[in-house]
Amino acid sequence: MHKSIIALGIESSCDDTSIGIINVDLKDNLFTSQGLTSKKIGLVTVSQDKLHKEYGGVVPEIAARAHSERIDMCFKKVLEQSKVELDSIDIICVTAGPGLIGGLLSGVNFAKGLAFSTGKPLIGVNHLVGHALTPQMTNDLSYPYLILMASGGHCQYLAVCGANKIERLGTTIDDAPGEVFDKVAKMLNLPIFSGSEVEKYAKKGDKSRFSFPLPLVNKNDCDLSFSGLKSSVRRQVDYLAEKQSGLYVNDQKDICASFQEAMKLIFENKTKKALELFSKVSSEKEVSFSLAGGVAANETIRHSLKELCKELNVRFSAPPLDLCTDNGLMIAYAGAQVYLGGYEDSLGLSPRPRWPIDVDHQKPIGFGKRGRKV
Ligand code: KG4
Ligand code: ZN
């Protein structure tokens with residue numbers, strides 16, 4: 001019997017090609033109520049920010065091509081960095097969805113090639129489950145816990161009761177918050193169209209100068225909405241640009257600060273409601289709350305939710321910033337849990353661009369004609 005297994009995780013669902021390797025300790029934690037003890041061995045992530053910048057958003061065809069051109073190189077580099085031989089890897093985990101089909105195909109085909117040539121088990125991982133389990137990698141966090149997963153494509157409150165037992169308590173009914181951060185950066189023509197840039201500008205801005213709307217905060221559930229906030233920022237930018245024939249740097253900073261403040265208030269309000277709902281699901285005395293996804297890297301939002309938890313006597317944890325954004329380690333970690341739960345995929349594994357984390361959940365309001373928001 002192995003004392004540990006080495007898991008390889010491949011992530012290519014959006015615009016980061018990332019491959020990580022972890023060692024999972026099997027000694028004391030097989031199928032307890034906790035996550036697994038794991039140790040990072042190596043991680044290589046190549047961002048595509050520069051390739052998409054001039055288009056103001058991720059272009060799926062460019063992303064797909066870049067993933068297929070770089071995935072080999074990432075794999076070679078991560079083996080070199082971690083000094084692990086391909087032979088020593090026990091399982092091959094790959095994001096199979098949800099995400100952009102071209103990128104998913106690059107990752108899944110690469111993983112299938114590896115699994116076929118080595119005979120090692122192949123595990124298709126749900127990207128959202130990867131984010132939802134990430135806080136366990138760095139915190140002593142046992143099931144069940146509540147997590148806010150907020151990224152460029154998703155926003156959900158999830159009751160995580162096990163690796164394959166995740167219940168959605170609330171979701172965005174329109175845009176994802178990271179997507180809105182990116183669009184605000186673009187409207188303001190910041191040097192990089194990303195939430196981290198908005199955060200940088202917000203640090204020096206006046207958050208009380210503009211009062212942006214807080215959609216759905218008066219509703220007594222934990223569904224969220226961001227498109228009204230995005231439109232309101234758009235109108236303010238257009239108004240100032242016309243009135244002054246352009247925007248000043250101070251305007252950019254103040255809009256970033258006021259917008260980020262609105263985001264913070266929405267998350268504070270909705271997290272309170274999600275915690276109320278979660279306390280009905282969880283029978284534990286100590287309630288745990290965690291964060292995941294790229295938006296969780298925002299220090300203002302992190303800090304305010306930490307303070308909220310302190311006030312409500314809820315245990316707070318959040319992954320380090322580099323594990324909040326997309327990475328291969330979270331896929332290796334989630335894949336290891338799936339594998340140890342007795343599941344693996346065949347070489348017939350296909351990508352699932354739409355793969356809701358809990359298929360049985362009722363439709364959120366705003367269920368669009370292209371299907372539910374995942
Ligand atoms: O989880 P992630 O890496 O990829 C997706 O699965 O979407 O999240 C990326 C998103 C982007 O929209 C990015 O602008 C946002 O997370 N983000 C941030 C920050 N860092 C990344 N948003 C707000 N503040 C940040 N510091
Ligand atoms: Zn993600």
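Both counts, for ligands and for their atoms, begin at 1 and track the order of listing. Throughout, residue positions are numbered sequentially from 1 according to the sequence presented.
- Of the protein's non-hydrogen atoms, Asp326 OD1, 3.4 Å is the one closest to atom 2 (P) of ligand 1.
- The pair Arg302-Glu299 does not count as a salt bridge, with every side-chain nitrogen at least 4.0 angstrom from each carboxylate oxygen.
- In terms of protein heavy atoms, atom 24 (N) of ligand 1 is closest to Asn298 ND2, 3.1 Å.
- Residue contacts with ligand 1, taken as heavy atom pairs separated by less than 4.0 Å, do not involve His154 at all.
- At under 3.5 Å, not a single nitrogen or oxygen of Gly293, backbone or side chain, sits near a nitrogen or oxygen of ligand 1.
- Taking the charged nitrogens against the carboxylate oxygens, Lys230 and Asp175 do have a contact shorter than 4.0 Å, which makes a salt bridge.
- With no hydrogens or angles considered, no side-chain donor-acceptor pair links Asn164 and Gln337 at under 3.5 Å.
- Contact annotation: the side chain of Asn220 approaches that of Lys273 to within less than 4.5 Å [non-hydrogen atoms, C-beta and beyond].
- A distance of 6.0 Å or more separates the ring centres of Phe289 and Tyr145.
- Of the candidates Gly153, Ala296, Gly294, Pro98, it is Gly294 that places a heavy atom closest to atom 8 (O) of ligand 1.
- For ligand 1, the atoms sitting less than 4.0 Å from at least one non-hydrogen atom of His131 are 1 (O), 6 (O), numbered in the order shown with element in parentheses.
- For Phe210 and Phe259, the distance between ring centers is not under 6.0 angstrom.
- For atom 22 (N) of ligand 1, the closest non-hydrogen atom of the protein is Gly195 CA, 3.5 Å.
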Leu122 vs Lys112, side-chain contact (heavy atoms from CB on, under 4.5 Å): CA-CA, chis, key distance, verdict: CA-CA 7 Å; Leu122 171 72; Lys112 287 204 291 198; 3.8 Å; yes
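- Taking a cut-off of under 4.0 Å to the non-hydrogen atoms of Phe181, the atoms of ligand 1 that pass are 22 (N), 23 (C).
- Each of the following atoms of ligand 1 lies closer than 4.0 Å to a heavy atom of His127: 6 (O).
- Of all the atoms in ligand 1, the ones that sit under 4.0 Å from a non-hydrogen atom of Glu199 are 25 (C), 26 (N).
- The shortest N/O to N/O separation between Gly152 and ligand 1 falls below 3.5 Å.
- Listed by number with element, the atoms of ligand 1 under 4.0 angstrom from any heavy atom of Ser194 are 14 (O).
- Atom CZ of Arg65 has 12 or fewer neighbouring heavy atoms from other residues, nucleotides or ligands inside a 6.0 Å radius.
- With a 4.5 Å cut-off on side-chain heavy atoms, Leu146 and Leu158 do not count as touching.
- Coordination check, His154 versus the Zn ion (ligand 2): failed, since every N/O/S atom of the residue sits at 2.8 Å or beyond.
- When non-hydrogen atoms are compared, ligand 1 lies under 4.0 Å from neither the backbone nor the side chain of Glu299.
- Angle NE2 (His127) to the Zn ion (ligand 2) to OD1 (Asp326): 100°, rounded to 10°.
- Atoms of ligand 1 found under 4.0 Å from any heavy atom of Thr325, numbered from 1 in the order shown, are 3 (O).
- Residue contacts with ligand 1, taken as heavy atom pairs separated by less than 4.0 Å, involve Asp182 solely via side-chain atoms from C-beta onward.
- Proximity of Ile71 to Ile10: side-chain heavy atoms (C-beta onward) are separated by under 4.5 Å at one or more points.
- The closest side-chain heavy-atom distance from Asn327 to Glu11 is not below 4.5 Å.
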